[in-house]
Amino acid sequence: MFVGRTAELASLRAELCAAGGGSVRRAVVEGPEGIGKTALIRHALDGEAGVRVLAVSGEESERELGLGVVRQLMDEAALLGLGLGTDERAGGGSAAAFPQDGARGGGIRAADEVDSCAAGQAVCELVARSPVPGTLAVVVDDAQWADRASLGALSYVLRHVRAGRVLLLVACRDLADPWLPDGLRRQLAGDGTLLITLGGLSAGDLAELAADPALTAARRERGTYGSPADAAREALAALRSDGAGEAPAALQPDALRSDVLRWDASRWGAAARRLREHTLGNPLHARALLAVLAPAALADPGVRLPAPETYRRPFARRLHACAPATRRLVAACAVLGGSCPLHLAAAVATGIDEPLNTLEEAVTAGLLRELPGRLIDFPEPLARAAAYDGIGAGARARLHLAAARLADDDGAALRHRAAAADGPDEALAEELARFAAKAAQHGLWQEAAAHLELAAGLTQSPARRDELRTAVLEHVLIGGDVIRAAELAAVRNADPRPVRRYVLGRLALAAGRFDEASELLAEAWRHAEPGFAADVAEQLSWLRLVAGNRAEAANWARLSAGQPIAGPVARPYDVLALGGASGAGAPPGSLAEAVAHLERDEVGQACAVLKRAVTAAEAAGLPHHRLLATALLSVAEHGLARWDEAVAHAEAALAEAYALGQRWLLPWLEAACVAPLAARGDRERALAHATAAGVAARRMRHAAGEHQADLAMALLGAGDLPARPGAGALPDGRWSGASDLADGRFCAVTGDVVPDPRPARIEALVADGRLEEAERALAAYERAGAGGGRRREAERVRLEGLLLAARNVPSRAEEAFGRALELAGAGGCPLEEARALLDLGRLLRRTGRRRAAAERLGAARAIFDRLGARPLVERCAQELEACGLEPPATVRLGLTPQELSTATLVAGGLTNRQIARELLISVKTVEYHIGKIYTKLGIGSRVALAAKLAAYGPEVSFPEGEAG
């Protein structure tokens, strides 16, 4: 399976095409072993019509065989019918290059006596006499292993083949290799030669490579997952394990199919990124690891990745050719982990009298590299893995113990001691557990989990081992990685303590299995101990919030906050705030404080608090809280009309939630993407997110998520407004399913990640002429308490103005729009200010005041353009055109007046500097406008721009003497 290399393939095929046009072309592909040089060349040449390939390669064991590669070339040509083989040669210089076996007592002429020029001339004659009607591609692969005489002949060919449809292609590891003759290097590095230097594949390419059927079959044979989807599905199916041997609870594959695939893609993305770091993207070594390792192992940072056999064998040959002291230094560096001081590695290795000389040999052999400050490291991660894998068990233990004695970090010393242990060690296990507790206090949950896992492996007591593995599961889960936690939960564990029920319940909640979470958490609460009672109550409060029961969510959150021992990661005040029941006592910098600001329409303050909350959650190592804070940050940024930032934050949080398996957050995060995308005019993406939010919520029976999805659909005009009762409207506090806008049952409550869709719906009713409905809806909106900030008040007054304008009361409507402008300006709300300007401009145009209308519409469009609100920019342009004061090309082309002016001058042939002088702007501004113009029009050149403008005719000018 061939992946990636799109640009390189295109370059090689372009050279092949040029050769087919009658010109001799030269190309060289260089890159380290296994990087894919041969695969690239084969993929570029195979299947090309009218192309015959004459391919040979060097071989390390035949490097001293005189003219070995040239002989291959002549014999291959004979087999393909392209020329004469070595046994059928005739005449002159060609024969002189290939002496018969008896020329020197039956032996082949020595390499230093061979006439390379004559051999090169023979190859030139072969090319010239070739009967191939199409293009001839002559490929010399692994040129670094070719004999010197053949390389000399190749240099001759590159200099003298000047006519014919020929592509000469050479592949080698490094053009700087001293084995290559200077003349050949100059030819291959010259201006007339295409040079392609291959680097590693990207993580995306490696993820695609993982789907290769051959690798899937290899994993299946080794007992690992047959496909990435199988891995994710098995992890999901193993979410429940009660420790008594009961079979895991089954999942519904059809219901979870799309989520499994998205989890799967995210998991393979993490695995591919780690594989990319480990192999530097080398496809040979990456394939070897993909064939034997499960995706969970590749993605798990706690699993040490080995070196594949394809790398280990050549590394071992170079290592064993070195002196014993050098081998010891390399082994010590491998145990220390690389990038360590030379003196420390020498001390761990022991017995190294001259460290600098020893290091010099290791560097020359390509085993180590020297860094500034007398640090040493391996040249690539695979080298460290190969060196570590090659150390015997006893030697490895001795080196780890030596490293532990010299380590100045407690965690490193403990890890070295654990690696050196030859059996159970209860004292060391407890030391590791105590260190893990300290790491957890600093939010280092994954590091704590790694030390607990080491402790579990060192204890002899099965009961203690199960307790430690429950702690590992909890720390991994708190650290946010639900998928890895599900994999750990699938391992049999007989821990009978209630805390394990709490941990499994927390896992079920994060994975979106709410019924199971309810059962497990309820049982954990019945037997709760003070140490984790606050955490259990907090998880139950989240569970009730997800289920839509805000009253019970508030009760459980207050119960959590009232526990004598506070949960180390519990945030009950956040649940209270998101459920609309925030009160005194919320800590500063929390989600609760930010939600209170949002409730009062103080989006600037909310944005500042949420940025601090995101940073704090990052420092505490709590991704689930950080993702929620990021979603609310997106809401605040949308309120400030920072839509690009809002989209970036919401979609980044969504992608991370999928990667971590935080399934319970998906409906919220999907819905948070909708409003800023819709505001920018990307309705298709917004609708996709809204649909995904609804699908995910319904599958999980996520009532809160369903409500957010319904809000998102209503905002897009693709669904009815969902109704939510006011406080105490229903006995159980749940949201109802009614959707009548006018009766006031829709109540905006804090915690929504989708803006209130009612203003947009009122505007739509007015536009449809359904004025009675619009009036009832506006009254209901006012009764529900739409006030709370200048922006909301400005919006309410503007809606009142729209209704008055539709009822043909222009004076009162104009007065309302004026008040809305004052409120929006005083509140620093540019979006609402621009909306009021747009509506006022429309009113002025309809009452015959076109010049005044154009001024308001132009001001509105300038604000919308600055904010990136493309739909509203287009609406302003349409209104301006209706005024008769706007060049219609701006409407049809979707350009701003400044962009249209720039485009017109570009089409007229002016340079960027001339345009800058004409428009009194900087050259950089001109370049910026041209980039925006190309993007909007989907073109890439000035010629295409001129053609586009020509299709719209001359620009319309403003009429003279227009009355204001």
Side-chain angles (χ1 to χ4, degrees), residues 436-449 474-482 485 506 509-510 532 534-535 537-539 541-542 545 553 557-558 560-561 563 565-579 581-600 602-640 642 645-646 648-657 659-660 662 664-665 668-669 672 750-751 753:
K438 293 179 182 178
Q441 290 174 357
H442 292 88
L444 303 174
W445 300 102
Q446 302 298 347
E447 182 177 344
E474 181 182 14
H475 285 59
V476 169
L477 186 57
I478 293 174
D481 194 341
V482 179
R506 185 179 191 124
L509 170 60
F532 65 92
D535 291 310
E538 191 236 13
Q539 290 300 295
S541 68
W542 282 115
L545 183 65
R558 293 187 185 100
S560 174
Q563 293 302 305
I565 300 178
V569 296
R571 301 291 188 272
Y573 290 104
D574 293 346
V575 189
L576 284 169
L578 291 171
S582 57
S590 63
L591 290 189
E593 182 187 0
V595 169
H597 283 303
L598 288 173
E599 187 177 15
R600 296 191 294 268
E602 298 167 348
V603 288
Q605 295 93 316
C607 196
V609 171
L610 285 164
K611 287 180 179 178
R612 294 197 298 271
V614 168
T615 302
E618 178 74 29
L622 303 174
H624 51 295
H625 286 291
R626 177 168 48 79
L627 294 176
L628 276 171
T630 304
L632 289 175
L633 177 60
S634 174
V635 173
E637 288 167 335
H638 175 269
L640 294 171
R642 299 173 185 168
E645 293 92 332
H649 280 124
E651 291 196 328
L654 177 64
E656 186 176 358
L660 294 173
Q662 294 278 352
W664 71 301
L665 295 177
W668 278 316
L669 298 177
T750 53
V753 295

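None of the values given here were measured: they were computed from a predicted structure. Heavy atoms only: backbone and side chains are in, while hydrogens, waters and symmetry mates are out.
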Check your understanding: If you measure from NE2 on His625 to CG on Leu591, what distance do you get to the nearest 0.5 Å?
Key -> 8.0 Å
Check your understanding: Which pair of heavy atoms, one from Gly480 and one from Leu660, lies closest together, and at what distance?
Key -> O-CB, 3.2 Å
Revision key, fill the gap. Tightest non-hydrogen contact, residues Ala534 and Ala570, listed as O-CB, 4.3 Å
Review point. Which distance, rounded to the nearest 0.5 Å, do you find between the CD of Glu656 and the OG1 of Thr630?
Key: 7.5 Å
Point to revise | Evaluation steps, side-chain contact (heavy atoms from CB on, under 4.5 Å), between Leu545 and Leu578 | key: CA-CA 8 Å; Leu545 183 65; Leu578 291 171; 4.0 Å; yes
Review point. Which of these passes side-chain hydrogen bond (donor to acceptor under 3.5 Å, both in side chains) with Glu637: Arg642, Lys611, His649?
Key: His649
Check your understanding: Do you know the tightest heavy-atom contact between Val476 and Ala449?
Key -> CG2-CB, 3.7 Å
Review point. Roughly how far, to the nearest 0.5 Å, is CG of Leu622 from CG of Leu628?
Key: 11.5 Å
Check your understanding: Roughly how far, to the nearest 0.5 Å, is the CG atom of Leu610 from the OG atom of Ser590?
Key -> 9.5 Å
**Study point:** Derivation and outcome, side-chain contact (heavy atoms from CB on, under 4.5 Å), residues Glu447 and His442
**Key:** CA-CA 10 Å; Glu447 182 177 344; His442 292 88; over 6 Å; no
Exercise for review: Would you give the length of the straight line joining atom CD1 of Ile478 to atom CG of Asp535, rounded to the nearest 0.5 angstrom?
Suggested key: 6.5 Å
Study note, to complete from the structure: Closest heavy-atom pair, Ala440 versus Trp445, reported as atoms and distance to 0.1 Å, is CB-CZ3, 3.6 Å
Check your understanding: Does Ala557 offer a backbone N or O that forms a donor-acceptor pair with the side chain of Trp542 under 3.5 Å?
Key -> no
Exercise for review: Could you pull out the closest heavy-atom pair between Ala594 and Ala606, with the gap in Å?
Suggested key: O-CB, 3.7 Å
Exercise for review: Check whether the side chains of Gln662 and Trp664 place a donor and an acceptor atom closer than 3.5 Å, and report yes or no.
Suggested key: yes
Review point. Backbone N or O of Arg571 within a donor-acceptor pair of the Glu538 side chain at under 3.5 Å?
Key: yes
Exercise for review: Work out which heavy atom in His597 is nearest to a heavy atom in Val609; give both atom names and the distance.
Suggested key: CD2-CG2, 3.9 Å
Practice item. For side-chain contact (heavy atoms from CB on, under 4.5 Å), just list the numbers for Asp481 and Gln446, CA-CA rounded to whole Å, side-chain angles, deciding distance to a tenth of an Å, and then say yes or no. Key: CA-CA 9 Å; Asp481 194 341; Gln446 302 298 347; 4.2 Å; yes
Point to revise | Arg506 CZ to His624 NE2 distance, which is reported to the nearest 0.5 Å | key: 4.5 Å
